[in-house]
Participant: 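Handing you a structure now.
Reminder, nothing fancy here: chain letters follow the sequence lines and each chain counts from 1.
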Amino acid sequence: MGWDAFGLPAENAAIQRGVHPNDWTLNNIRVMKEQFRRWGILYDWSKEVTTCEPDYYRWNQWLFLRLLENDLAYKKKSPVNWCPSCNTVLANEQVVDGACERCGSTVRQRDLEQWFLRITDYAEELLAGLDDLDWPERVKVMQRNWIGRSEGADLDFALPGIDETLTVFTTRPDTIHGATFMVLAPEHGFVPRLIADHPRRTEIEAWIDRVRNTPRIEREEEGLAKEGWDTGQVAINPATGEEMPIWLANYVLIEYGTGAIMAVPAHDGRDLEFARQYDLAVRLVYHPRDRELDPQEMTEPVIGEGEIRDAPPFDGLSDSPETVRRFIDWAAGLGWGRGRVTYRLRDWLISRQRYWGTPIPVVYCEDCGVVPVPDEALPVELPYDVEFTGREGNPLAHSEAFVDAECPSCGGPGRRETDTMDTFVDSSWYYLRYLSPTDGERIFDRDLADRWAPVDQYIGGIEHAILHLLYARFVCKALADLDLIGFREPFSRLFNQGMITHFSEKSGRVEKMSKSRGNTVSPDRLIESMGADTERVYTLFLGPPEDEVEWNDEAVSGANRFLNRLWRAHEALADAPATGPADDELERLRHATIQRVTTDLDRFKFNTAVAALMELGNGLTRSLESKTVSRLGCEQALDTLVQLLHPFAPHMTDELWRRRGHDGSLVEASWPDFDEDKLRRDRVTIVVQVDGKLRDRIEVAADADRKSVEGLALASAKVQQHLEGRAVSRAVVVPGRLVNLVTEARP
RNA sequence: GCCGGAGUGGCGGAACGGUAGACGCGACGGACUCAAAAUCCGUUGUCCGCAUAGGGCGUGGGGGUUCGAAUCCCCCCUCCGGCACCA
């Protein structure tokens with residue numbers, strides 16, 4: 001069990017209620033442990049880990065230093081996402097629709113110097129590795145989308161006006177003959193020189209400023225109007241030798257590719273829209289085969305069809321990956337292009353301007369610069385005595401005792417880094433610490449790690465699809481490259497549990513059950529009234545665990561009735577007869593239930609496992625009431641039921657187990673086995689169909705051969721009635737299941 | 001727009017290509033009770049039908065494959081989720 005205990009909620013509680021984050025967190029852990037106890041949830045507490053303890057976060061710092069040594073951690077100034085409410089920067093993955101993933105505030109852009117981890121070095125492996133993981137498809141798809149690989153080429157364009165070469169990234173180098181203008185992001189490095197002599201320079205600069213300061217959410221908004229300026233400069237199209245005007249526009253993003261594009265309006269919707277808006281030339285490369293298009297009139301780009309014309313030696317080629325490849329080879333041969341793959345994934349921003357996290361272990365020295373804290377000096381501990389005001393700025397920065405530090409290199413005066421790490425760093429490797437949680441010498445025991453990890457079965461919510469799960473994969477690969485572990489993927493199999501939803505009085509809708517929505521059902525009260533076993537059985541019976549399921553307060557009684565019936569069944573055992581005619585039937589059901597529950601548990605189908613247990617319970621109850629099964633048979637059925645039910649309802653089953661006279665706890669008892677022979681029946685019910693429609697059911701000996709089953713089916717009066725004298729042309733016999741009689745004159 | 005997932009009774013949900021609706025909730029009828037609760041028994045997809053006789057129709061819609069389709073294939077609709085001015 002691990003407590004992912006650092007993070008903003010603790011610090012916000014401190015600000016709002018004046019409780020220290022450390023006290024608040026440790027108290028929450030205590031309360032939650034007690035809750036687990038009441039639920040009957042079992043963990044191996046000797047493997048407990050708490051990320052906010054120095055014992056743990058010291059190894060976070062140690063890991064950071066290794067990444068720093070290997071150039072996988074670095075600091076740079078760049079535009080970053082700033083949440084004004086949380087008063088900290090956020091990683092791209094923590095910005096959802098332009099808003100803070102945690103609090104929902106609109107995120108602003110700020111230029112700040114921040115620490116990053118070089119996850120982009122692993123983009124290709126993170127993408128390729130997904131194919132071999134036994135993970136839900138949707139999680140893999142989300143990661144693929146997030147990594148955003150695109151294959152294409154870098155192409156060089158001469159800019160005679162400023163004596164530079166402009167490189168653009170394009171996935172369609174095969175359309176270069178149709179490139180009629182260039183577009184740069186307003187932030188592109190060449191822009192100041194390109195517009196230096198522009199007659200309306202100040203206007204352009206004002207516009208650039210406005211675009212830069214547009215909040216991310218607005219700039220990414222759908223249907224945002226395209227705006228641009230002609231720089232008055234030109235680039236030379238290396239394929240045609242022609243001059244092309246260079247424009248600046250808000251639809252080109254500095255973060256992607258090279259921050260500049262070649263615009264091919266005939267074959268790109270965005271470029272076409274821009275060309276029409278500013279009356280720029282349009283030239284077709286791929287001409288549709290079935291119609292003539294006037295480039296000056298066309299309103300839709302030509303995509304994925306047509307053949308190349310007026311671009312020797314490529315004339316006649318169709319739009320295909322092979323054509324793209326030939327263009328790349330051609331450009332490469334002439335020296336103005338080369339194949340390249342780009343990714344949407346950005347490096348992981350881990351700096352946080354908050355107190356309740358792992359201090360980043362570096363010291364700034366005027367003489368030596370950025371100096372890592374030596375391993376022996378770890379952990380850099382969080383000071384307890386800090387003021388929480390809620391004002392902007394990290395409380396750590398106001399703690400002189402923390403900030404003042406000696407330079408580890410020269411011994412001179414230094415200033416400690418006050419940024420703390422994103423809590424996703426804490427959770428990116430914790431599974432390795434589980435193996436040796438108290439080891440004071442090492443981050444983890446490599447031998448144990450290589451023996452136990454990767455994790456065979458991981459369980460988590462979909463909300464971690466591109467956060468925790470991507471970071472943990474990255475850190476695993478980095479650890480492997482640092483030769484600290486011998487595997488490159490942390491979690492072999494992943495299961496996504498669904499959310500529990502419930503009607504919310506506040507919104508009048510069925511929503512995710514959460515405290516903030518005020519639609520929670522207190523497990524404590526339910527446990528109080530019906531017991532933890534009812535709570536557990538019902539929760540598992542709700543529906544498939546991977547689905548979103550709605551909590552139904554009324555349906556809980558079903559689980560409660562089931563358990564009560566079982567208890568009464570135990571009390572009724574004494575009245576069972578010595579011998580019973582239906583012993584075999586209950587015995588068969590008992591074995592069938594063992595089989596069903598065992599396989600259902602393996603498949604995580606807890607809802608159908610509970611259903612199977614209820615069926616055995618019903619069978620037993622009926623037997624006891626009708627007194628058709630011997631006492632021994634009933635006792636066996638009850639014992640098996642109690643054993644199979646134990647993981648679902650541990651408290652009551654353990655009690656019943658003892659009352660039945662067994663020694664010890666069911667936790668230590670073995671799982672029941674089923675006997676194939678006992679599953680067999682002597683006589684089976686066979687369904688008879690005529691032309692695929694159910695017409696009758698017949699009883700036959702289980703080992704009856706096809707011919708005799710067919711004969712019995714034909715002998716059925718109901719079947720004869722439906723055949724109406726038509727001849728049977730074919731009989732499909734599925735042993736033990738059905739007979740389908742196919743007639744000649746079928747409709 | 002691209003990609004992924006899902007549509008089954010009044011409700012939650014079951015169904016290796018082989019009896020659609022297991023199991024549970026709810027509802028209705030009955031037993032017990034002075035009464036209620038609890039408990040127990042029965043009915044409960046829908047339509048025709050006096051029927052607890054028989055039959056028609058039924059797994060979002062339309063085609064197809066098959067002796068047989070909720071399940072496999074194609075097209076469409078709706079909902080949920082991810083990505084999206086990504087060159």
Participant: Any side-chain N or O of A/Arg344 below 4.0 angstrom from OP1/OP2 of B/A84?
Facilitator: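 Looking at the OP1 and OP2 atoms of B/A84, one of them is under 4.0 Å from a side-chain N or O of A/Arg344.
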Participant: Hey, which sits more toward the 5' end of RNA chain B by its nearest nucleotide, A/Thr621 or A/Val556?
Facilitator: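 In this pair, the answer is A/Val556.
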Participant: Taking the side chain as every heavy atom from C-beta outward, state whether A/Leu620 and A/Leu638 have any atom pair closer than 4.5 Å.
Facilitator: yes
Participant: Under 4.0 angstrom, heavy atoms only, what part of the nucleic acid is A/Arg144 near: base, sugar-phosphate, or nothing?
Facilitator: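 No contact.
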Participant: From CG of A/Asp696 over to C1' of B/A53, roughly how many Å is that when rounded to an integer?
Facilitator: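 Result: 14 Å.
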Participant: Tell me if the CD atom of A/Glu305 is crowded by more than 12 foreign heavy atoms within 6.0 Å.
Facilitator: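 Yes, the 6.0 Å shell around CD holds more than 12 heavy atoms from other groups.
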Participant: Given the ring of A/Trp146, does A/Arg344 sit roughly above its face, with NZ or CZ under 6.0 Å from the centre of the six-membered ring and within 45° of the axis?
Facilitator: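 The answer is yes, since A/Arg344 meets both limits relative to A/Trp146.
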Participant: Among B/G18, B/U19, B/G55, which nucleotide has an atom closest to any side-chain atom of A/Leu694?
Facilitator: B/U19
Participant: If the P atom of B/A15 is compared with that of B/C47, how far apart are they to the nearest Å?
Facilitator: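 Here B/A15 and B/C47 have their P atoms 28 Å from each other.
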Participant: Please work out whether the ring planes of A/Phe495 and A/Phe604 are parallel, tilted or perpendicular, with thresholds of 30° and 60°.
Facilitator: perpendicular
Participant: Assess whether a salt bridge exists between A/Glu710 and A/Lys707, defined as any Lys/Arg side-chain N lying under 4.0 Å from an Asp/Glu carboxylate O.
Facilitator: yes
Participant: For nucleotides B/U66 and B/C50, find the distance between their C1' atoms and express it as a whole number of Å.
Facilitator: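 One C1' to the other, the span is 41 Å.
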Participant: Does B/G54 have its OP1 or OP2 closer than 4.0 Å to a side-chain nitrogen or oxygen of A/Lys718?
Facilitator: yes
Participant: Please determine, for the side chain of A/Ser150, which listed nucleotide (B/C67, B/C85, B/A87) has the closest atom?
Facilitator: B/A87
Participant: Using the P atom as the point on both nucleotides, what is the distance between B/G55 and B/G61, in whole Å?
Facilitator: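 Comparing P positions in B/G61 and B/G55 gives a spacing of 25 Å.
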Participant: Looking at B/G4, B/G26, B/C23, which one has an atom nearest to any side-chain atom of A/Val141?
Facilitator: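 The answer is B/G4, which lies nearest to the side chain.
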Participant: Taking only side-chain nitrogens and oxygens of A/Asn496, does any of them come within less than 4.0 Å of OP1 or OP2 of B/G5?
Facilitator: no
Participant: Both A/Gly692 and A/Thr342 contact RNA chain B. Taking the nearest nucleotide for each, which residue is further toward the 5' end?
Facilitator: A/Gly692
Participant: Say we look at B/G24 and B/C34: how far apart would their C1' atoms be, to the nearest angstrom?
Facilitator: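 About 34 Å, rounded to a whole number of Å.
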Participant: Quote, to the nearest angstrom, the P distance that separates B/G62 from B/A69.
Facilitator: 15 Å
Participant: I'd like to know if A/Arg172 and A/Asp319 make a salt bridge, using a cut-off of under 4.0 Å between side-chain N and carboxylate O.
Facilitator: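 Judged by the 4.0 Å cut-off on N to carboxylate O distance, A/Arg172 and A/Asp319 do form a salt bridge.
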Participant: With a 4.0 Å cutoff (strictly under), does any side-chain N or O of A/Arg737 reach OP1 or OP2 of B/G68?
Facilitator: no
Participant: Under 4.0 Å between a side-chain N/O of A/Lys693 and OP1 or OP2 of B/C57, yes or no?
Facilitator: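 It does, given that an N or O in the side chain of A/Lys693 lies less than 4.0 Å from OP1 or OP2 of B/C57.
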Participant: Over how many whole Å does the gap from A/Gln689 atom CD to B/A69 atom P extend?
Facilitator: 9 Å
Participant: Give each protein N/O atom lying under 3.5 Å from an N/O atom of nucleotides 10-13 of chain B, with the pair distance.
Facilitator:
unit_1, atom_1, unit_2, atom_2, d
B/G12, O2', A/Leu542, O, 2.8
B/G13, O3', A/Asn607, ND2, 3.4

Participant: Taking only side-chain nitrogens and oxygens of A/Arg697, does any of them come within less than 4.0 Å of OP1 or OP2 of B/G18?
Facilitator: no
Participant: Tell me: CG of A/Leu566 to P of B/C40, nearest whole Å?
Facilitator: 13 Å
Participant: So which nucleotide from B/C83, B/G24, B/G26 ends up closest to the side chain of A/Asn618?
Facilitator: B/G24
Participant: What is the base-pairing partner of B/G4, counting Watson-Crick and G-U wobble geometry with both distances under 3.5 Å?
Facilitator: B/C80
Participant: Using the C1' atom as the point on both nucleotides, what is the distance between B/G17 and B/C28, in whole Å?
Facilitator: 37 Å
Participant: When you compare B/A70 with B/G18, how far apart are their C1' atoms, in angstrom units rounded to a whole number?
Facilitator: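 Pairwise C1' distance, B/A70 against B/G18, rounds to 13 Å.
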Participant: Taking only N and O in the side chain of A/Arg568, is any of them less than 4.0 Å away from OP1 or OP2 of B/C40?
Facilitator: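 True: A/Arg568 side-chain N/O within range (under 4.0 Å) of B/C40 OP1/OP2.
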Participant: Just the rounded figure in Å: distance from C1' of B/C25 to CE of A/Met614.
Facilitator: 10 Å
Participant: Can you tell me if A/Arg138 touches the phosphate of B/G81, counting only side-chain N or O atoms and a distance under 4.0 Å to OP1 or OP2?
Facilitator: no
Participant: Using a strict 4.0 Å threshold on nitrogen-to-oxygen distance, state whether A/Asp134 and A/Lys140 make a salt bridge.
Facilitator: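 No, this pair does not count.
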Participant: Determine, using ring centers only, whether A/Phe274 and A/Trp247 are less than 6.0 Å apart.
Facilitator: yes
Participant: Would you mind reading off the distance between A/His722 atom NE2 and B/G54 atom P, rounded to a whole angstrom?
Facilitator: 9 Å
Participant: Counting any heavy atom closer than 4.0 Å, what does A/Ala611 reach on the DNA or RNA strands: base, sugar-phosphate only, or nothing?
Facilitator: base
Participant: I'd like to know if A/Arg149 and A/Glu151 make a salt bridge, using a cut-off of under 4.0 Å between side-chain N and carboxylate O.
Facilitator: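 Salt bridge flag = yes for A/Glu151 with A/Arg149.
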Participant: Let me know the distance between CG of A/Leu738 and P of B/A20, rounded to the nearest Å.
Facilitator: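 One finds 10 Å between P of B/A20 and CG of A/Leu738, rounded.
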Participant: Calculate the interatomic distance between A/Ile147 atom CD1 and B/C2 atom P; express it in whole Å.
Facilitator: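 It works out to 22 Å between those atoms.
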Participant: Please report the distance, rounded to the nearest Å, between CH2 in A/Trp146 and P in B/G81.
Facilitator: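 Computing the A/Trp146:CH2 to B/G81:P distance gives 17 Å.
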Participant: Under 3.5 Å, is there an N or O donor on one side and an acceptor on the other linking the side chain of A/Asn740 and the base of B/C67?
Facilitator: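 Donor-acceptor pair under 3.5 Å: yes.
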Participant: In terms of side-chain heavy atoms of A/Arg561, which of B/A87, B/C67, B/C25 is nearest?
Facilitator: B/C25
Participant: Return the CG to CD distance between A/Leu248 and A/Glu227, rounded to the nearest 0.5 Å.
Facilitator: 12.0 Å
Participant: Taking the same atom, C1', in B/A31 and in B/C79, what whole-Å distance lies between them?
Facilitator: 46 Å
Participant: Once you apply a heavy-atom cut-off of 4.0 Å, does A/Arg346 come out as touching a base, just sugar-phosphate, or nothing?
Facilitator: nothing
